[in-house]
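Structure, as structure tokens:
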Amino acid sequence: MFIKRSRSWQGREADVTPHNLYLDRRRIMQAGGALALTGLVGCGSSESQAENTAASNTTLANSTTQPESSASGLQYRETAYQVSDPQTPYDAVTGYNNFYEFGTSKDDPARYAHRMSVTPWSIEVEGHAARTGTFDLEDVIDYNALEERIYRLRCVEAWSMVIPWIGVPLADVLRRFEPTSDARYVAFETYLNRSEMRGTRFPVLDWPYVEGLRMDEAMNELAFLAVGLYGDLLPNQNGAPVRLVVPWKYGYKSIKSITKIRFVSEQPPTSWNIAAPNEYGFYSNVNPNRAHPRWSQASERVIGGSLFSRRDTEMFNGYGEQVADLYAGMDLIENH
Ligand code: MTE
């Protein structure tokens, strides 16, 4: 039998095969005893424009399968949150990042984020909720209930990825704090340690990074708290140990390395809106019909694809069926 050894992120079947197929094949191999042999292993400017589009299908359903486990010991179950387009290669997902606390170049987070200490980790919960206080991460995230969701990530800079996240629905986490009816929004804050985060020496943003969602957005089935990707724990550059993933909004809403959750009654300030209110609104729903003041949002560069690989940007990043109702009657150009 041919056994190919590669670095964990290199040429994994998962990069070219829909993940469920990959897992099915893996299970078949396991059944044949093959596992023992193989060890199977700001948002500053936009991308340039070119015309090359690909049809997409975002398939959602409620079916689930048996738990998977990963090298790090993360146990998670597969779900039907899938994307028909290929997953972005692991090296691109973890090597081409926005995490301005570590610098503004795309490779700065991969180079410098290892300096951030992520264990132990606690989250302060404040505001309009019955249960508030400081909680260990393990008391916030139920590691026995982890699931995998493959989502599109669309950055406001007009590039996109397809990422297999591991985590839990945000709604499940928030409910456990028993928010009161005064909690109309939920605000999030990123860890801030200036000695570990070299980018925070510069006033690029008003540190710490902050974000927020309306409560009904936060409780939507798609809003997700990720603790892993590609089957393993989140690398620091992707927002370890816990980050938000809001797939129908521009990537900057998906705040990384969360240390505070606050239930509030007024719309909370958000980092990019503070920095440039005319360019970045609170809602930030992916919207090909509203150009950024400095570039079009009609299409996006597919990271990890061929050099000129582009696709048409979809309203709500293709998740309209799940989220359009949240914005019924709203002018989404004005409320961008
Ligand atoms: N969170 C923090 N704390 N700091 C950041 O600079 N960048 C945002 C978002 N979350 C950012 C952040 C932006 S602009 C994007 S596109 C996504 O993270 C990128 O996530 P990724 O690097 O995992 O692809």
Side-chain angles (χ1 to χ4, degrees), residues 8-26 47 50 52-61 68 70 76 78-99 106 109-110 147-167 221-232 234-235 237-239 243-254 256 285-286 288 297-323:
S8 59
W9 49 267
Q10 253 174 348
R12 293 182 2 164
E13 279 187 75
D15 301 343
V16 291
T17 313
H19 200 54
N20 53 347
L21 274 183
Y22 161 73
L23 292 173
D24 284 349
R25 230 182 277 165
R26 206 169 107 172
E47 298 287 338
N52 179 10
T53 61
S56 78
N57 258 320
T58 306
T59 332
L60 299 181
E68 287 289 321
S70 68
Y76 58 93
E78 231 188 303
T79 66
Y81 292 89
Q82 304 274 343
V83 172
S84 61
D85 293 350
Q87 292 171 41
T88 307
Y90 181 85
D91 58 348
V93 172
T94 60
Y96 185 92
N97 299 101
N98 278 335
F99 200 164
K106 292 288 182 277
E147 52 186 74
E148 182 182 67
R149 293 188 177 194
I150 302 168
Y151 279 161
R152 294 188 183 287
L153 173 79
R154 170 56 157 87
C155 180
V156 75
E157 295 165 341
W159 53 261
S160 67
M161 298 193 188
V162 173
I163 304 179
W165 302 104
I166 312 278
E221 61 166 308
L222 295 181
F224 200 59
L225 275 181
V227 296
L229 58 79
Y230 263 115
D232 279 317
L234 276 182
Q237 61 266 35
N238 293 91
R243 61 137 346 134
L244 193 61
V245 183
V246 197
W248 71 97
K249 293 177 179 281
Y250 290 119
Y252 60 84
K253 297 293 286 184
S254 293
K256 296 179 170 181
N285 292 314
V286 174
Q297 294 290 23
S299 71
E300 63 209 47
R301 183 160 76 92
V302 178
I303 300 292
S306 69
L307 193 56
F308 301 109
S309 185
R310 295 191 75 81
R311 64 188 296 277
D312 282 342
T313 292
E314 295 175 71
M315 187 65 203
F316 299 119
N317 206 20
Y319 295 100
E321 203 181 307
Q322 289 76 35
V323 302

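All values reported here derive from a predicted model rather than from experimental measurement.
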*Who passes ring pair (Phe, Tyr, Trp, His ring centres under 6.0 Å) against F316, sequence neighbours left out?*
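Per chain and number, F316 pairs via ring pair (Phe, Tyr, Trp, His ring centres under 6.0 Å) with Y327.
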*Can you name the residues that form a ring pair (Phe, Tyr, Trp, His ring centres under 6.0 Å) with F99, not counting sequence neighbours?*
F102
_Can you tell me which residue among Y81, Y76, Y230 is in a side chain to side chain contact (heavy atoms under 4.5 Å, CB included) with P164?_
Y230
_From V302, I150, I303, L153, residue fulfilling side chain to side chain contact (heavy atoms under 4.5 Å, CB included) relative to V162_ =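 Result: among V302, I150, I303, L153, I150 is the only option passing the side chain to side chain contact (heavy atoms under 4.5 Å, CB included) with V162.
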*Minimum-distance pair of heavy atoms, taken over all atoms of A158 and S299*: CB-O, 3.9 Å
_Which heavy atom of L222 sits nearest to which heavy atom of W248, and what is that distance?_
CB-CZ3, 3.7 Å
*asked:* Determine whether R154 and E314 satisfy the following criterion, side chain to side chain contact (heavy atoms under 4.5 Å, CB included), listing intermediate values before the conclusion.
replied: CA-CA 10 Å; R154 170 56 157 87; E314 295 175 71; over 6 Å; no
*Should P235 and Y90 count as side-chain neighbours, where that means a heavy-atom distance under 4.5 Å?*
yes
*Are W165 and L225 close enough that some pair of their side-chain heavy atoms sits under 4.5 Å apart?*
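Not touching, per the 4.5 Å side-chain cut-off.
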Within this structure, what is the [atom1]-[atom2] distance for the pair [X] and [Y], rounded to the nearest 0.5 Å?
| X | Y | atom1 | atom2 | value |
| --- | --- | --- | --- | --- |
| L244 | F224 | CG | CZ | 11.0 Å |
| L234 | T94 | CG | OG1 | 11.0 Å |
| Q297 | Y250 | CD | OH | 3.5 Å |
| I163 | I166 | CD1 | CD1 | 12.5 Å |
| E78 | R149 | CD | CZ | 13.5 Å |
| Y151 | S254 | OH | OG | 10.0 Å |

Do side-chain atoms of [X] reach the backbone of [Y] as a donor and acceptor pair under 3.5 angstrom?
| X | Y | value |
| --- | --- | --- |
| R152 | P247 | no |
| E148 | G231 | no |
| K256 | Q237 | yes |
| N317 | T313 | no |

*Considering the options E300, R301, R310, which one meets the side-chain hydrogen bond (donor to acceptor under 3.5 Å, both in side chains) requirement together with S160?*
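Result: among E300, R301, R310, E300 is the only option passing the side-chain hydrogen bond (donor to acceptor under 3.5 Å, both in side chains) with S160.
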*Starting from the C-alpha separation in whole Å, work towards a yes-or-no answer on side chain to side chain contact (heavy atoms under 4.5 Å, CB included) for Y96 and W159.*
CA-CA 11 Å; Y96 185 92; W159 53 261; 3.7 Å; yes
*Scan side-chain atoms only and decide if Y319 and E221 contain a donor-acceptor pair under the 3.5 Å cut-off.*
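Distance-only check fails for Y319 and E221.
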*Strictly by modelled atom types, are K106 and N98 linked by a side-chain donor-acceptor pair under 3.5 Å?*
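The criterion, which ignores hydrogens and geometry beyond distance, is satisfied for N98 and K106.
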